[in-house]
Trainee: 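Quick one: the structure is below, and I'll ask about it shortly.
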Protein chains: 4
Amino acid sequence: MTRKPQQQRAKATVDAIVQAGFLCLAKHGIEGTTTRHIADEAGIGVGSLYEYFANKQEVMDAMYQMVVADVVSMIQPLTPRLVKMEIHEAVRTLLYEFRELLMRDDARYLKYASQAVNVAQRDNLEPINKILNDLVVQYVMHHPEVMRLRNLPVMSYIIINGGIFSVIRHLGESAPMLTFDQLAGGLADMAKHVMDGEMRKVDNEQ
Amino acid sequence: MTRKPQQQRAKATVDAIVQAGFLCLAKHGIEGTTTRHIADEAGIGVGSLYEYFANKQEVMDAMYQMVVADVVSMIQPLTPRLVKMEIHEAVRTLLYEFRELLMRDDARYLKYASQAVNVAQRDNLEPINKILNDLVVQYVMHHPEVMRLRNLPVMSYIIINGGIFSVIRHLGESAPMLTFDQLAGGLADMAKHVMDGEMRKVDNEQ
Amino acid sequence: MTRKPQQQRAKATVDAIVQAGFLCLAKHGIEGTTTRHIADEAGIGVGSLYEYFANKQEVMDAMYQMVVADVVSMIQPLTPRLVKMEIHEAVRTLLYEFRELLMRDDARYLKYASQAVNVAQRDNLEPINKILNDLVVQYVMHHPEVMRLRNLPVMSYIIINGGIFSVIRHLGESAPMLTFDQLAGGLADMAKHVMDGEMRKVDNEQ
Amino acid sequence: MTRKPQQQRAKATVDAIVQAGFLCLAKHGIEGTTTRHIADEAGIGVGSLYEYFANKQEVMDAMYQMVVADVVSMIQPLTPRLVKMEIHEAVRTLLYEFRELLMRDDARYLKYASQAVNVAQRDNLEPINKILNDLVVQYVMHHPEVMRLRNLPVMSYIIINGGIFSVIRHLGESAPMLTFDQLAGGLADMAKHVMDGEMRKVDNEQ
DNA sequence: CATGAATGAGTATTCATTCAT
DNA sequence: AATGAATGAATACTCATTCAT
């Protein structure tokens, strides 16, 4: 029977397990990670793991929640600053922060993301989508001229998804042909060009 | 010891196994796919599978080879036509063909791509990278004005990777908020904007 | 990952597995012995076997170690008495003790020895060789006249190896033409004759 | 259905299979030898193997028969010469011939003997026992004084079995401490000593 | 006669999960 | 609360044997 951790010690244990989960994933890959690995890495017995998580999947889920939460809490405090920036700088800033998050703690999250199966399937990327949408919305509110673009949702979708994947792929490359700065700059340029181009298109239509 | 299929019957068996591999992957997911599943689906005994493939991974590899080969042989004959098109139309055309390939046979390849772990890691996406590079190179040769862009490699990288992932993600969504046409159009627009924008930038620099 | 048995219960399990190993070898022969046989015979689940032994071979190795240890701890306490005996009696005594060990627990060790492949190859019969050499050395020290024999190493080799194999072979015969007493007496006589004969030879050479 | 080889070609095939059996045993060991290995080595298809042998065991049996036959046909023509020799020389000669047989064809028979499980059990070593008994009987007939020994059967048993095993063990040692010549000489000396000693005993008893 | 393709019962081994202490 | 011992269903893979061609 899973218990809600009520004491201080219990909370620490739960956390240790999730941390251990990331470490194991990085070490042994997703298929090579066993509950025993995780328990050992967390410095507890297997039995104890099952005191706090009903099964292995729940540990994975907790890891996922943590990734999502951390992405959200990276973007949230950043938003006020981002929305005031010009698009080019905003994109670059966000990407650099994103990279920092992915590389933190021995690239824990990058490795997680690279391993994570079914990326395409998960419909519960929602919180991240939501915060990104918020960001877009607020950005638009600070830059009223953008509001005229009809294509905004499509373009956001592409830039966001394409950007995320390009960065993950790039960071995982053993012999990258581009520097990260080139990539970030390129994505930022692209966003700028798209905005300018779309704007111009709207102007011409009228 | 793996045997090379010498008789007609044997060739058919090998093929049936790879086909069954795709089916099983779609049905049970990558972790849920067992050698017995594959053998059953192929209508053969487990032993027969091992007559032609040294282990499970080799079946997976054969599937991968087939995907790569099919992508290549989709793009190759298309190239002459694409290079003559204007960028916007070229991108849209390519994306529609790509979708057709992904959705073929009950979305066999789409499901494969969605499942494929470590997509980011695989450095042996090479044949596909190569054919896409060829396409870019030939496109440039037919559109000399593009040659002036310094940013070409970066932009190709982003559009290609971002585009592939956006499409896969979109096709896998159960409740997409965009139509495929919107997505393809968006990517095409984006490519156009980037080209125009970069061009303008180069012009201004001079 | 193999675990070291820490609790009392675990130690008993490890022992039960090794015991079961001998039983299975006797019942099904070396090729017919499966890990499941052993686990069943030990009254445990297969998984438990693998908690303490990395693989089947390790169980076999543990059995081997036990045989070696038991042979050694049969001879060791016997040595002081043997070295004081006359050669004929010493050989007979040792052989009878050896038989007792081989026949113990339903001839567990005899059956093991009969099955043991590559007996000839194993260079790690060492502990047994060592204790036997010790025995010879100590025997010589108590019987200084023997020291004159040049041939000692050769003769020991022959008597020891030939004796061991003759006894194993004899005990395994379904319809032996000799009694064990005849065999043991014969080996003892032989040792005596060899000693006397070699001694005489040395005398004549001088 | 197994067929008796009636044609010339068929006989050659049967022989090739048995030869291949020895080769495989030497290469892969007894547990690593598969019917496919044997068929491949013999240069035929698996199916063909089963045309001549009902199952794998029959191939092994044929190998065994061949070993036995070869041992017998080594000793048989040698017997007339051996019986005329003095005991010491007879033993040495026989052992050297035995070694030659064991080492022939890349130590094929030695490896077979080292691998052969259950050596001790097989009661059908008979043909070899018989020819050796014949040898002893004929030897006695040529050396009438030996007939007085009561212990003859026991001593033969020990010398023969002990001798065979000592030689096999010695030839298989990677770092032997004795030369073969020392071993053979030692066994010959031993036989001589035993005969002399027993003779003397009989003399004293009278 | 010859073959090699097909087979599937059988084997070693793993690992998430349970539970007695 | 914590643990580690026990478990057994599940999995990848092997190989003697059969049989259609």
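Computed from a predicted structure; not experimentally measured. Chain A is the first sequence line, chain B the second, and so forth, proteins listed ahead of strands; every chain is numbered from 1.
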Trainee: Using atom C1' in both nucleotides, what's the gap between dC1(E) and dT21(F) to the nearest angstrom?
Mentor: 13 Å
Trainee: If I take atom CD in residue E58(A) and atom P in nucleotide dT17(E), what distance separates them, rounded to the nearest angstrom?
Mentor: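 From E58(A) CD to dT17(E) P: 10 Å.
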Trainee: Now, which nucleotide makes the Watson-Crick or G-U wobble pair with dA20(F), with each of the two distances under 3.5 Å?
Mentor: dT3(E)
Trainee: Taking atom types as modelled, is there a side-chain donor on D61(D) or Q57(D) under 3.5 Å from an acceptor on the other?
Mentor: yes
Trainee: Calculate the interatomic distance between F53(D) atom CZ and dC15(F) atom P; express it in whole Å.
Mentor: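 Taking atom P of dC15(F) as the reference, CZ of F53(D) is at 20 Å.
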Trainee: Over all strands shown, is I44(D) touching base, sugar-phosphate only, or nothing at heavy-atom distances under 4.0 angstrom?
Mentor: sugar-phosphate
Trainee: Using modelled atom types and a 3.5 Å cut-off, is there a donor and acceptor pairing between side-chain atoms of K27(D) and backbone atoms of T33(D)?
Mentor: no
Trainee: Report the nucleotide, chosen from dA5(F), dA5(E), dC13(F), that has the shortest atom-to-atom distance to any side-chain atom of Y52(B).
Mentor: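 So the side chain of Y52(B) is nearest to dA5(E).
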Trainee: Rounding to an integer number of Å, can you tell me how far K56(C) NZ sits from dT14(E) P?
Mentor: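 Going from NZ in K56(C) over to P in dT14(E) covers 15 Å.
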Trainee: Taking only N and O in the side chain of T34(C), is any of them less than 4.0 Å away from OP1 or OP2 of dT11(E)?
Mentor: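 So the side-chain polar atoms of T34(C) never come under 4.0 Å of the phosphate oxygens OP1 or OP2 of dT11(E).
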Trainee: Ignoring hydrogens, what is the shortest heavy-atom contact between D106(A) and K111(A)? Give both atom names and the distance.
Mentor: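 Heavy-atom minimum between the residues: O-NZ, 3.3 Å.
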Trainee: Are the side chain of Q115(B) and the backbone of I30(B) linked by a donor-acceptor contact shorter than 3.5 Å?
Mentor: yes
Trainee: Just the rounded figure in Å: distance from C1' of dT17(E) to CG of N55(A).
Mentor: 9 Å
Trainee: When you measure from the side-chain N and O atoms of T35(C) to the phosphate of dA12(E), is any distance below 4.0 Å, counting only OP1 and OP2?
Mentor: yes
Trainee: Please state whether the phosphate of dT3(F), meaning OP1 or OP2, lies under 4.0 angstrom from any side-chain nitrogen or oxygen of Y50(A).
Mentor: no
Trainee: For R36(B) and V46(C), take the nucleotide of DNA chain F holding the closest heavy atom to each; which residue's nucleotide lies nearer the 5' end?
Mentor: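 Upstream on the strand: V46(C).
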Trainee: Can you tell me the Watson-Crick or wobble partner of dT11(F), both distances under 3.5 angstrom?
Mentor: dA12(E)
Trainee: Answer with base, sugar-phosphate or nothing: what part of the nucleic acid does T13(D) contact at a heavy-atom distance below 4.0 Å?
Mentor: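 Nothing, no heavy atom under 4.0 Å.
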Trainee: Measure the distance from CD1 on I38(C) to P on dA6(F) and round it to the nearest whole Å.
Mentor: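 It is 16 Å, rounded to the nearest whole Å.
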Trainee: Rounded to whole Å, how long is the line connecting atom CD of Q57(B) with atom C1' of dT11(F)?
Mentor: 15 Å
Trainee: Here's a test of your reading of the structure: between H37(C) and G32(A), which maps to the more 5' nucleotide of DNA chain E?
Mentor: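 The residue whose closest nucleotide sits nearer the 5' end is H37(C).
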Trainee: For the residue pair E58(A) and Y52(A), establish whether any side-chain heavy-atom pair is separated by less than 4.5 Å.
Mentor: no
Trainee: Whole angstrom is fine here: how far is it from CG in L49(C) over to P in dC15(E)?
Mentor: 16 Å
Trainee: Where does the angle between the aromatic ring planes of H37(B) and H28(B) fall among parallel (under 30°), tilted (30 to 60°) and perpendicular (over 60°)?
Mentor: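 The arrangement is parallel - the two ring planes meet at less than 30°.
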Trainee: Whole angstroms only, please: what is the CG-P distance between D40(B) and dT7(E)?
Mentor: 11 Å
Trainee: Touch check for G45(A), heavy atoms < 4.0 angstrom, all strands: base, sugar-phosphate only, or nothing?
Mentor: sugar-phosphate
Trainee: May I ask you to say what S48(D) touches in the nucleic acid, namely base, sugar-phosphate or nothing, with a heavy-atom cut-off under 4.0 Å?
Mentor: base
